[in-house]
Amino acid sequence: MSDRLSVFKTYKLYVGGKFPRSESGRVYEVTDSKDNWLANAPLSSRKDARDAVVAARKAFGGWSGATAYNRGQVLYRVAEMLEGRREQFTREVADAEGLSKSKAAAVVDATIDRWVWYAGWTDKIAQVIGGANPVAGPYFNLSSPEPTGVVAVVAPQESSFLGLVSVVAPVIATGNTAVVIASEKSPLPALSLGEVLATSDVPGGVVNVLSGRTAELAAPLAAHQDVNAIDLAGADEALAKELEIAAADNLKRVLRPQPVDYFETPGIDRMTAFLETKTVWHPTGSLGAGGSSY
C-alpha cells in the first residue's frame with residue numbers, strides 16, 4: 001500500500017461572509033518559529049481593504065439592530081464551534097507562536113473562554129454604562145450606549161489567537177462591525193477563525209479578516225472616510241503615530257496600543273471604547289404638592 005499525499009490547506013480571506021483570494025492574486029510564505037514553511041497566506045491589497053469596509057458597512061444595520069440577547073447567543077455559538085475545533089487551533093497556535101502543545105492548548109482554552117465572557121456582556125453593558133440621570137427639572141433624562149459603526153482592528157502581532165479574539169470580540173459584542181488585519185507573521189489562526197465565524201450564525205460582513213502587510217493595509221483603513229474607529233493594538237510606535245494622524249481626518253475614535261496581558265480577565269474598556277452615548281430628555285408632566293403626574 002503506497003503512502004498517501006497530505007492535502008495541504010489553502011488559506012483564504014474572510015470578507016462579507018465569503019472566502020476570496022486577494023484580488024491582487026498575491027500570496028506570502030508563512031513560517032513557524034523555526035522558519036519551517038507552513039502555508040501560503042493571501043497578501044491582501046488596498047482594494048481588499050476597501051471591499052472589507054463595504055461589507056462591514058452593509059452588515060452594520062442588521063447587526064446593530066439585533067437584540068443584545070441575540071448577539072450574545074451568536075457569540076456563544078462561536079465558542080461552541082471553537083470547542084469542536086480545539087485540536088486544529090491548538091496545532092495552529094503552537095506552530096504560529098512556537099509553543100508546546102500543552103501551552104498552545106491553554107491559549108486556545110483561554111480564547112474560547114474569552115468568547116464566552118464577552119457573550120455574557122452583550123445584554124449587560126447598557127445597564128452598567130447607561131441609565132437614568134438625576135436632573136433638576138420635570139424631565140426624565142436617560143443615557144444609553146450605541147455602537148460607533150465600522151471599526152478597523154490591527155490585531156496583536158505576537159498573540160495570534162488569544163490577543164486577536166480579545167480585541168475583536170468586544171467590538172462586535174456591542175453591535176459594531178469589524179475589519180481585522182491579522183498578525184502579519186502569524187495569520188493562520190485568524191484565517192481559520194473566519195471559517196468558524198462563517199458557520200456560527202455571525203452574519204456575513206460583521207467580521208472581515210485580512211492577512212498581509214500590516215502597514216500596507218492599515219494606512220488606507222485609517223484614512224477611510226467610512227471607517228468610524230480604529231484599534232491600534234498590533235501597531236508599533238511609529239506606525240501607530242502615522243495611523244493616528246490619518247484617522248484624525250474624519251475624527252475616528254482611536255484606541256492606542258498599550259501593553260496587555262491577554263490571559264488576565266479583561267475589563268469593559270474595549271467595549272466602551274467603541275460606544276457612543278445617546279441621551280434623551282422627556283418631560284414628566286406637572287409637578288405639584290400632591291406628587292407628580294405623567
Side-chain angles (χ1 to χ4, degrees), residues 9-15 19-53 56 89 91-99 104 107 111 151-169 171 178-197 207-224 227 230-244 246-247 254-260 262:
K9 181 173 179 177
T10 301
Y11 288 88
K12 297 181 182 179
L13 308 177
Y14 182 56
V15 176
F19 297 95
R21 294 179 171 85
S22 171
E23 62 83 28
S24 67
R26 303 178 302 171
V27 298
Y28 71 106
E29 289 188 357
V30 177
T31 58
D32 63 15
S33 58
K34 298 179 181 178
D35 286 330
N36 296 313
W37 180 86
L38 293 175
N40 289 334
L43 186 57
S44 304
S45 67
R46 290 170 175 255
K47 176 65 163 56
D48 294 316
R50 292 194 297 269
D51 289 345
V53 173
F89 281 99
R91 183 177 66 254
E92 289 185 343
V93 170
D95 289 339
E97 301 179 21
L99 302 176
V107 169
T111 304
V151 180
V153 178
V154 183
Q157 298 297 326
E158 301 304 322
S159 185
S160 63
F161 194 43
L162 177 57
L164 168 79
V165 166
S166 296
V167 296
V168 173
V171 169
V179 177
V180 184
I181 305 172
S183 166
E184 182 173 333
K185 183 179 182 299
S186 306
L188 304 188
L191 297 176
S192 289
L193 178 63
E195 298 171 4
V196 171
L197 297 174
V207 179
N208 305 275
V209 183
L210 305 173
S211 60
R213 308 300 181 210
T214 300
E216 180 182 355
L217 296 171
L221 290 175
H224 201 297
V227 172
I230 187 168
D231 185 343
L232 302 177
D236 60 33
E237 185 177 348
L239 179 59
K241 183 176 181 180
E242 176 186 326
L243 297 176
E244 190 171 357
V254 177
L255 185 59
R256 297 172 179 84
Q258 51 200 294
V260 180
Y262 290 111

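The first residue of the sequence shown is numbered 1, and numbering continues consecutively from there. Keep in mind that the numbers below use all heavy atoms, side chains included, and drop hydrogens, waters and symmetry copies.
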Original post:
Which pair of heavy atoms, one from Val154 and one from Ala235, lies closest together, and at what distance?
Top reply: CG1-N, 3.8 Å

Original post:
Do Glu97 and Ser33 have a side chain donor and acceptor closer than 3.5 Å?
Top reply: no

**OP:** Calculate, to the nearest 0.5 Å, the distance between atoms CG and OG belonging to Asn208 and Ser44 respectively.
**Re:** 11.0 Å

Subject >> Beyond-backbone contact of Leu191 with Lys12, side-chain heavy atoms, under 4.5 angstrom >> reply: no

Original post:
Are the side chain of Gln157 and the backbone of Gly234 linked by a donor-acceptor contact shorter than 3.5 Å?
Top reply: yes

Original post:
Rounded to the nearest 0.5 Å, how far apart are CG of Asp236 and NZ of Lys241?
Top reply: 12.5 Å

**OP:** Kindly indicate whether the side chain of Leu99, heavy atoms from C-beta on, has any atom under 4.5 Å from the side chain of Val93.
**Re:** yes

Original post:
Taking side chain as C-beta onward, heavy atoms only, is Tyr262 less than 4.5 Å from Thr111?
Top reply: no

Original post:
Between OG of Ser45 and CZ of Arg26, what distance do you get to the nearest 0.5 Å?
Top reply: 6.0 Å

**OP:** Measure from NZ or CZ of Arg21 to the centre of the six-membered ring of Tyr11 and say whether it is under 6.0 Å with the direction within 45° of the ring axis.
**Re:** no

Original post:
Looking at Lys9 and Glu195, does any basic side-chain N land under 4.0 Å from a carboxylate oxygen?
Top reply: yes

Original post:
Would you say the side chains of Ser183 and Glu158 form a donor-acceptor pair under 3.5 Å?
Top reply: no

Original post:
Do Val227 and Val151 come close enough that some side-chain heavy atom pair is under 4.5 Å?
Top reply: no

Original post:
For the residue pair Val171 and Ala178, what are the closest heavy atoms and their distance?
Top reply: CG1-CB, 4.1 Å

Subject >> Closest non-hydrogen atom pair between Pro42 and Leu13, with its separation >> reply: CB-CD2, 3.6 Å

Original post:
Do Thr31 and Asn36 have side-chain atoms, one donor and one acceptor, less than 3.5 Å apart?
Top reply: no

Original post:
Salt bridge check: are Asp95 and Arg91 linked by an N-O gap of less than 4.0 Å?
Top reply: no

Original post:
Does Val209 reach the side chain of Leu193, with side-chain heavy atoms less than 4.5 Å apart?
Top reply: no

**OP:** Would you mind checking if Glu216 and Arg46 are paired as a salt bridge, meaning a charged N to carboxylate O distance below 4.0 Å?
**Re:** no

Original post:
Yes or no on side-chain contact (heavy atoms from CB on, under 4.5 Å) for Ser159 and Leu164, after CA distance, side-chain angles and deciding distance?
Top reply: CA-CA 7 Å; Ser159 185; Leu164 168 79; over 6 Å; no

Original post:
Is there a side-chain contact between Asn40 and Tyr28 (heavy atoms, below 4.5 Å)?
Top reply: no

Original post:
Can Val207 and Val180 be said to form a side-chain contact (heavy atoms from CB on, under 4.5 Å), step by step?
Top reply: CA-CA 7 Å; Val207 179; Val180 184; 4.1 Å; yes

Original post:
Distance only, no hydrogens: is a donor on one side chain within 3.5 Å (strictly under) of an acceptor on the other, for Glu92 and Ser160?
Top reply: no

Subject >> Whether Glu184 side chain and Arg213 backbone form a donor-acceptor pair below 3.5 Å >> reply: no

**OP:** Given side-chain contact (heavy atoms from CB on, under 4.5 Å), test Val179 with Val153 step by step and report yes or no.
**Re:** CA-CA 6 Å; Val179 177; Val153 178; over 6 Å; no

Original post:
Can you find a pair of side-chain heavy atoms, one from Val30 and one from Ser186, that are under 4.5 Å apart?
Top reply: no

Subject >> Interatomic distance, Tyr14 atom OH to Phe19 atom CZ [nearest 0.5 angstrom] >> reply: 5.5 Å

Original post:
At what distance, to the nearest 0.5 angstrom, does CD1 of Ile181 lie from CG of Asp231?
Top reply: 10.5 Å

**OP:** Please name the pair of heavy atoms, one in Ala240 and one in Leu232, separated by the smallest distance, quoted to 0.1 Å.
**Re:** O-CD1, 3.7 Å

Original post:
Just how far is it from atom NE2 of His224 to atom CZ of Arg50, taken to the nearest 0.5 Å?
Top reply: 7.5 Å

Subject >> Sub-4.5 Å side-chain heavy-atom contact between Ser22 and Leu43 >> reply: no

